[in-house]
**Student:** 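Could you have a look at this structure, given as structure tokens, before my questions?
As the structure is a computational prediction, the values presented were derived from the model and not from experiment. Note that the numbering runs from 1 along the sequence shown for the chain.
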Amino acid sequence: MNMISPIRQPEMPAIEVFERMAAAAQRMGDAIGIDGYFRLAYEVHKNGAVDASIHHWYKPDHYAFPKCVTTCADGSYQNGTLANALDELDRYVAEKTAGAAPAYSVAAE
């Protein structure tokens with residue numbers, strides 16, 4: 001048993017978190033052609049508080065170094081709970097893909 005903090009039940013199953021993050025990456029790639037991924041991070045503070053955050057890693061072009069952008073609305077790195085972080089992820093993807101034409105097209109025959 002962890003002596004620092006009690007073992008807590010997860011907010012949601014890991015597979016559900018993975019599926020939401022994978023779907024967000026797919027929407028970003030389809031909408032604006034940026035191939036990247038999202039990374040979930042937990043920050044544990046001295047007082048035992050835990051913050052979850054999701055970051056978008058991508059390369060703006062083939063030769064560029066990878067960039068990291070937090071999905072938080074206020075630009076901070078602290079979303080709070082995992083549910084808040086996933087809500088911010090949905091908001092971030094909707095904001096970035098709003099009005100974007102698909103990055104690819106299939107010619108009609």
**Student:** Looking only at heavy atoms, which two atoms of A85 and I54 are closest? And how far apart?
**Tutor:** O-CD1, 3.7 Å
**Student:** Output the distance between atom CG (D87) and atom OG1 (T81), rounded to the nearest 0.5 Å.
**Tutor:** 7.5 Å
**Student:** So which atom in R20 and which in L89 form the shortest heavy-atom distance, rounded to 0.1 Å?
**Tutor:** O-CD2, 4.2 Å
**Student:** Flag the pair F38 / H55 as yes when their ring centroid distance falls below 6.0 Å, and as no otherwise.
**Tutor:** no
**Student:** Not counting sequence neighbours, which residues clear side-chain hydrogen bond (donor to acceptor under 3.5 Å, both in side chains) with Q26? List them please.
**Tutor:** D30
**Student:** List the residues meeting salt bridge (charged side-chain N to carboxylate O under 4.0 Å, His left out) with R39, not counting sequence neighbours, and say none if there are none.
**Tutor:** none
**Student:** Looking only at heavy atoms, what is the nearest atom pair of W57 and P66, with distance?
**Tutor:** CE3-CB, 4.1 Å
**Student:** Quick one: NE2 on H56 to CE on M21, what's the gap to the nearest 0.5 Å?
**Tutor:** 10.5 Å
**Student:** For atom NZ of K67, decide whether the heavy atoms of other residues, nucleotides or ligands shown that lie under 6.0 angstrom number more than 12.
**Tutor:** no
**Student:** If you round to the nearest 0.5 Å, how far is CG of L40 from CZ of F18?
**Tutor:** 12.5 Å
**Student:** Where is the tightest heavy-atom contact between A25 and G36, given as atom of each residue plus distance?
**Tutor:** CB-O, 4.1 Å
**Student:** Can you tell me how far the OG atom of S53 sits from the CG atom of N84, to the nearest 0.5 Å?
**Tutor:** 12.0 Å
**Student:** Are Y58 and M28 co-members of a hydrophobic cluster defined by side-chain heavy atoms under 4.5 Å apart?
**Tutor:** yes
